[in-house]
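The structure appears right after this line, and notes come after that.
The sequence lines fix the lettering, A, B, ..., with proteins before strands; numbering per chain opens at 1.
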2 protein chains.
Amino acid sequence: MPRKVDPEAHAAKRQHILDSAAVLFAARGYERTTTSQLCAQAGISLGTLYHYFPGKKQLFLAVLTQDEQQTRSLLEELAQDADPMEALLRFVSHLAEPAAEHPIVPHLVLEAMLQAHRDPEVRKVLEDAESHETHGLRRLLQRAAGSGDVDPELDVEEAASWISSLISALYLQAATQPEFDPATQRKHLIRSVRAFLRPPWTP
Amino acid sequence: MPRKVDPEAHAAKRQHILDSAAVLFAARGYERTTTSQLCAQAGISLGTLYHYFPGKKQLFLAVLTQDEQQTRSLLEELAQDADPMEALLRFVSHLAEPAAEHPIVPHLVLEAMLQAHRDPEVRKVLEDAESHETHGLRRLLQRAAGSGDVDPELDVEEAASWISSLISALYLQAATQPEFDPATQRKHLIRSVRAFLRPPWTP
DNA sequence: GTCTATATCTGGATAGAC
DNA sequence: GTCTATCCAGATATAGAC
């Protein structure tokens with residue numbers, strides 16, 4: 001038998017703490033979530049929490065950074081997609097997906113955005129995610145620019161940034177107006193992006 | 001000479017405190033802004049603060065509600081505008097204006113949005129503002145629906161809500177990406193709204 | 001590794017002199 | 001009306017037994 005089964009157990013528990021924390025941070029915000037609430041939610045005690053994380057802030061950062069990788073693979077795949085416009089819209093759709101799947105994500109994202117402009121560490125984490133997201137958008141947009149679906153007058157960088165903020169709009173609405181169906185919102189988002197890019201005079 | 005010059009002085013000082021507080025709440029958020037910081041910014045002492053406001057939270061609410069009236073008059077005016085689509089776009093532009101004029105407003109709005117879903121009182125304040133804004137949008141959209149500029153397939157309520165969230169998108173971007181010129185963003189917003197509403201097959 | 005007990009600090013709010 | 005001094009609750013983080 002192996003000498004150390006601990007590592008897996010450790011990782012599992014750590015993940016459990018992360019998941020519990022995400023719920024609370026999303027629901028109550030960073031500042032209003034206390035360490036004892038975090039412990040209660042995870043079913044552990046204060047000492048244990050500090051055994052797994054050096055402090056509340058590091059825990060928060062860990063929550064934010066946990067699933068950051070999965071976007072990259074899709075981006076690679078889409079880069080070689082046949083139809084550029086199709087690829088772009090699929091990427092947008094992908095970025096909007098978490099908002100619909102996990103109701104807590106929008107709140108978490110907004111919370112992070114606000115914290116970002118007060119705390120340098122949070123800012124860095126967010127900027128990294130945002131930049132590589134916008135970078136992906138720009139590349140796809142660049143390619144799509146050849147087709148007749150995109151207004152040649154548009155500045156690519158500006159357009160990418162605006163589309164990025166359209167996605168944020170969906171997150172905002174998901175967070176603040178839960179009465180609207182995420183699927184419908186996604187439909188509107190896609191319609192908006194397509195219509196925004198299209199030349200004014202018609203294809 | 002009048003017996004009581006106090007009222008004006010009182011109002012002036014109260015306003016001064018409100019203005020100072022707005023800056024801090026926008027920059028640091030509600031929770032991280034301490035009462036002593038509020039006092040320092042306003043150049044007063046703790047006792048004085050509590051003389052003018054019953055507490056930190058009431059001060060925050062007062063900041064949020066202070067300039068809420070001015071939208072109504074414009075709405076009345078626009079309701080009788082000749083060109084419905086033009087009126088709608090002007091209203092949208094008007095709602096987006098504060099984001100460009102006062103750099104702190106976007107942060108304040110976002111802060112309020114997040115607090116709203118944790119604190120019932122904040123929620124009520126925001127809901128009132130939001131509802132009468134969306135209501136205005138709906139009315140204007142209803143009128144514009146007659147013209148050929150609006151896709152008859154669109155659900156008016158859904159569309160109004162989505163446009164509202166497009167405006168929020170501009171606020172979000174203003175708050176998180178100050179490197180982008182607000183005027184340009186406003187241009188994109190108008191383009192987005194117009195394009196979103198237009199029938200897909202072309203006008 | 002996990003807990004309990006506790007140290008330390010900071011925040012909002014109050015009391016009461018001037 | 002304005003200030004200073006202070007109270008008290010609650011937060012993060014640590015110490016150290018088990």
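Salt-bridge formation is detected for the pair B/Glu111/A/Arg118: a Lys NZ or Arg NE/NH1/NH2 atom is positioned less than 4.0 Å from an Asp or Glu carboxylate oxygen.
Looking at residues two or more places apart in sequence or on another chain, you find a side-chain contact (heavy atoms from CB on, under 4.5 Å) between A/Val109 and A/Val105, A/Met113, A/Tyr171.
A donor-acceptor pair shorter than 3.5 Å cannot be found between the side chains of A/Ser168 and B/Gln173.
Side-chain contact between A/Met85 and A/Leu197 is present, with at least one heavy-atom pair separated by less than 4.5 Å. B/Trp162 has its side chain within reach of A/Ser192: a pair of non-hydrogen atoms, C-beta onward, lies under 4.5 Å apart. Residues A/Leu38 and A/Phe25 meet the side-chain proximity criterion, which asks for heavy atoms closer than 4.5 Å. Between B/Gln15 and B/Leu18 there is a side-chain heavy-atom pair separated by less than 4.5 Å. When side chains are defined from C-beta on, A/Asp151 counts as touching B/Arg191, because their heavy atoms get closer than 4.5 Å. Taking the side chain as every heavy atom from C-beta outward, A/Tyr30 and B/Glu31 never approach each other to under 4.5 Å. Counting heavy atoms from C-beta outward, A/Arg139 and A/Leu75 have side chains that approach closer than 4.5 Å.
Proximity of A/Lys13 to the phosphate of C/dT2: a side-chain N or O atom is located under 4.0 Å from OP1 or OP2. When the side-chain nitrogen and oxygen atoms of B/Thr35 are compared with OP1 and OP2 of C/dG12, one or more of them lie within a distance under 4.0 Å. For D/dC3, the OP1/OP2 oxygens have a side-chain nitrogen or oxygen of B/Thr48 closer than 4.0 Å.
Look at CD on B/Glu31: it is 14 Å from C1' on D/dG10, rounded to the nearest Å. Following rounding to the nearest Å, A/Arg14 (CZ) and C/dT2 (C1') show an atom-to-atom distance of 18 Å. The distance between atom NZ of B/Lys57 and atom C1' of C/dG11, rounded to the nearest whole Å, is 16 Å. Put simply, CG on A/Leu38 is 11 Å from P on D/dA11, counting in whole angstrom units. The OH-P distance, from A/Tyr52 to D/dT14, rounds to 18 Å in whole Å. Remark: P of C/dT2 and CG of A/Leu49 are 12 Å apart, rounded to the nearest angstrom. The interatomic distance linking A/Phe60 (CZ) with D/dA11 (P) rounds to 18 Å, in whole Å.
Side-chain proximity of B/His51 to the nucleotides D/dA13, D/dT4, D/dT2 is greatest for D/dT2. Distance from the side chain of A/Ser45 is smallest for C/dC3 among the nucleotides C/dT2, C/dA13, C/dC3. Comparing C/dT2, D/dA13, C/dG1 by their nearest atom to the side chain of A/Lys56 picks out D/dA13. Of all nucleotides listed (D/dG1, C/dT4, D/dT14), D/dT14 comes nearest to the side chain of A/Tyr50.
Contacts of A/Phe53 with the nucleic acid, taken as non-hydrogen atoms under 4.0 Å apart, are absent.
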Heteroatom pairs (N/O) under 3.5 angstrom, protein to nucleotides 6-10 of chain C:
none

Could you go through nucleotides 16-18 of chain D and list every protein N or O atom that sits under 3.5 Å from one of its N or O atoms, giving the distance for each pair?
none

